[in-house]
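Reading through the structure tokens given below for one structure.
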Amino acid sequence: MPLQRVHFAEDVPEVFRASLQDIRREQEVPADFPPEVTAAAVAAAANVRLPELDRTDIEFVTIDPPDSMDLDQALHIERTGDGYTVHYAIADVGAFVQAGDPIDVEARKRGETLYAPDKRTPLHPPELSEGEASLLPDQVRPALLYTITVDARGEGTGVVCERALVKSRLKLNYAGVQKDLDAGTASESLQLLREVGKLREERELERGGVNLPIPDQEVVTSNHGWGLEFRAPLPVEGWNAQISLLTGMAAAGLMMKGKIGILRTLPESHDDLRRKLGNTAKALGIVWPDDTTYAAFIHGLDPKVPAHAAMLAACTVLFRGAGYVAFAGSVPASPQHAAMKAEYAHVTAPLRRLVDRWTGEICVALSAGTEVPAWVRESMDEIPKMMDDADRRAHAYERSIVSMVEAGLVADQVGSEFDGVITDVDERDKNRGIVALSAVAIEGRVTGTALPLGKEVRVKLVEADIAKRTVSFELVG
């Protein structure tokens with residue numbers, strides 16, 4: 001699931017720059033690539049291993065944020081009878097990187113690409129991730145091509161994964177595609193993206209699954225000081241995400257049938273997390289009826305509404321505990337991803353996530369009925385821990401950035417009072433907890449005698465430290 005990310009409408013203000021450097025040091029975020037890794041990437045780009053199958057006839061396009069150059073996925077959808085055929089091309093990192101080479105060794109240390117408002121820390125050198133391995137337009141590229149058959153209801157009924165040459169025709173962005181769809185000028189493939197995406201959303205709700213449309217936070221300045229705005233994702237972003245999820249579920253199906261793979265799993269959430277989110281909804285003035293399921297509640301939220309956007313960001317707590325499980329010879333006892341109510345695997349972002357290189361190789365082998373490569377079998381048990389460590393660092397990194405910005409938003413209001421709701425109370429100390437402000441979509445630590453869980457309160461801001469990335473309140477009265 002995507003993390004909540006902070007963007008600045010203009011350049012990152014100087015007040016935050018030193019803190020961002022501190023965060024990177026604390027989280028041990030890698031710096032530039034070592035010279036031997038860059039040299040290996042340049043050599044790999046010049047000696048790519050190309051597949052025999054040529055599918056450059058398929059009119060693929062990529063859809064990403066405008067400034068993205070690390071393009072993992074290219075899409076084409078066509079109608080087949082009363083159903084559909086989804087072609088999803090994924091960048092073939094394995095065509096450039098070999099087990100044990102300098103690029104592979106460094107990628108295993110990094111685990112995944114890290115994001116901050118002022119820079120991106122990539123998994124692979126840009127010579128590959130933004131160059132020869134990226135599915136840039138008008139370039140013939142090696143890819144893992146997933147061909148997925150989908151029935152009239154939007155259910156996947158079959159999948160084949162094979163290495164192929166592909167060529168993207170256009171580098172599109174979400175806003176442009178949404179504009180074309182709304183105007184009725186989009187290509188047939190993109191119109192089918194909307195059609196299949198909506199069907200997949202319906203099937204997701206039927207399953208009780210959830211795909212959080214997490215809004216980005218954007219910090220803006222004005223004559224009135226700092227402000228925090230949420231950028232709601234466009235509908236096409238959700239439809240595009242559904243194709244990625246469809247592919248991940250199809251890949252998981254291959255792995256479960258073949259009894260070898262690496263799944264992304266998530267246990268069911270605990271009642272105390274649902275209680276905490278109920279209190280957060282109350283703080284934000286959102287009604288959550290007792291008889292409404294979590295999935296139905298989430299599907300009813302509108303990320304364009306600021307309070308709903310804040311609620312969606314808070315709901316990411318239910319995805320904590322997600323992890324990876326590697327298996328060979330038998331299937332896992334608990335293979336499901338609770339949020340999706342299905343088996344699922346990460347396969348669609350190999351330029352930015354380490355595990356996808358392993359799962360891609362497994363899917364190619366299983367589709368062809370051949371042996372999974374020895375290097376994959378020998379190292380796959382190590383991947384869950386590598387990815388868990390990388391995920392923890394990514395979450396800590398982005399959470400630190402969010403906390404830094406929240407402190408900056410109220411740094412000049414120490415001593416001021418705010419309305420809020422107590423959303424959590426420390427079980428070991430009932431005088432400590434968390435308060436969610438009603439007027440500003442931020443949370444902070446709060447102290448007070450016998451904090452009233454779920455109740456509206458008046459609190460005073462006693463600390464807002466950008467360097468420490470802390471916001472603290474005291475209960476008034």
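Counting begins at 1 with the first residue of the sequence. Just so it is clear, the model here is predicted, and its values are computed rather than measured.
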*side-chain contact (heavy atoms from CB on, under 4.5 Å) partners for A296, two or more places apart*: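 T292, T293.
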Answer yes when [X] and [Y] have at least one side-chain N-carboxylate O distance shorter than 4.0 Å, and no when they do not.
| X | Y | answer |
| --- | --- | --- |
| D419 | R458 | yes |
| E132 | R141 | yes |
| R393 | E26 | no |
| D388 | K385 | no |
| E206 | R203 | yes |

Rounded at 0.5 Å granularity, tell me how far [atom1] in [X] sits from [atom2] in [Y].
| X | Y | atom1 | atom2 | answer |
| --- | --- | --- | --- | --- |
| Y174 | E237 | OH | CD | 6.0 Å |
| F96 | L351 | CZ | CG | 9.0 Å |
| L135 | L75 | CG | CG | 11.5 Å |
| F60 | L170 | CZ | CG | 13.5 Å |
| M404 | I466 | CE | CD1 | 8.0 Å |
| L277 | W288 | CG | CH2 | 5.5 Å |

Kindly say whether [Y] contributes a backbone atom to a donor-acceptor pair with the side chain of [X] at under 3.5 angstrom?
| X | Y | answer |
| --- | --- | --- |
| Q178 | V236 | yes |
| S168 | L136 | no |
| R469 | A467 | yes |
| S134 | M69 | yes |
| K171 | S68 | yes |

*Just do the side-chain contact (heavy atoms from CB on, under 4.5 Å) check on F473 and V457 with the steps written out, would you?*
CA-CA 11 Å; F473 300 88; V457 294; over 6 Å; no
Answer yes or no: is there a side-chain heavy-atom contact under 4.5 Å between [X] and [Y]?
| X | Y | value |
| --- | --- | --- |
| V446 | E474 | no |
| E36 | E106 | no |
| V86 | I243 | yes |
| K460 | V462 | yes |
| R108 | D104 | yes |
| S334 | T265 | no |
| I90 | V347 | no |
| N431 | T447 | no |

Heavy atoms only: give me the nearest [X]-[Y] pair and the separation to one decimal.
| X | Y | value |
| --- | --- | --- |
| G208 | A295 | O-CB, 3.5 Å |
| H124 | V93 | NE2-CG1, 3.9 Å |
| A251 | A345 | CB-CB, 4.5 Å |
| T359 | H346 | OG1-O, 2.7 Å |
| P332 | V325 | CG-CG1, 4.1 Å |
| R357 | A107 | NH2-CB, 4.4 Å |

*Count the heavy atoms belonging to other residues, nucleotides or ligands that lie under 6.0 Å from CG of D32, then report whether that count exceeds 12.*
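No.
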*asked:* Would you say that more than 12 heavy atoms from the other residues, nucleotides or ligands in this model lie under 6.0 Å from the CZ of R432, or not?
replied: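 Count not over threshold, so no.
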_Verdict with reasoning, R200 to L245, per side-chain contact (heavy atoms from CB on, under 4.5 Å)_ = CA-CA 9 Å; R200 294 296 299 170; L245 293 173; 5.7 Å; no
*asked:* Evaluate Q242 against V196 for side-chain contact (heavy atoms from CB on, under 4.5 Å), listing each step before the verdict.
replied: CA-CA 8 Å; Q242 287 294 336; V196 175; over 6 Å; no
*side chain to side chain donor-acceptor pair (under 3.5 Å) involving R24 - partner list, sequence neighbours excluded*: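 Only D118, Y397 meet the side chain to side chain donor-acceptor pair (under 3.5 Å) criterion with R24.
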*Using a distance-only test with no angle check, is there a side-chain donor-acceptor pair under 3.5 angstrom linking S244 and T348?*
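Note: S244 and T348 side chains meet the donor-acceptor criterion.
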_I want to check a possible cation-pi pair here: R264 against Y324, using under 6.0 Å from ring centre and within 45° of the ring axis as the test._
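Yes, R264 lies over the aromatic ring of Y324.
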*Is the cationic atom of R110 (NZ for Lys, CZ for Arg) positioned less than 6.0 Å from the six-membered ring centroid of F33 and within 45 degrees of its normal?*
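Yes, a cation-pi geometry holds between R110 and F33.
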*asked:* D72 vs R353, test: side-chain contact (heavy atoms from CB on, under 4.5 Å). Steps then yes/no.
replied: CA-CA 10 Å; D72 286 290; R353 194 170 49 211; over 6 Å; no
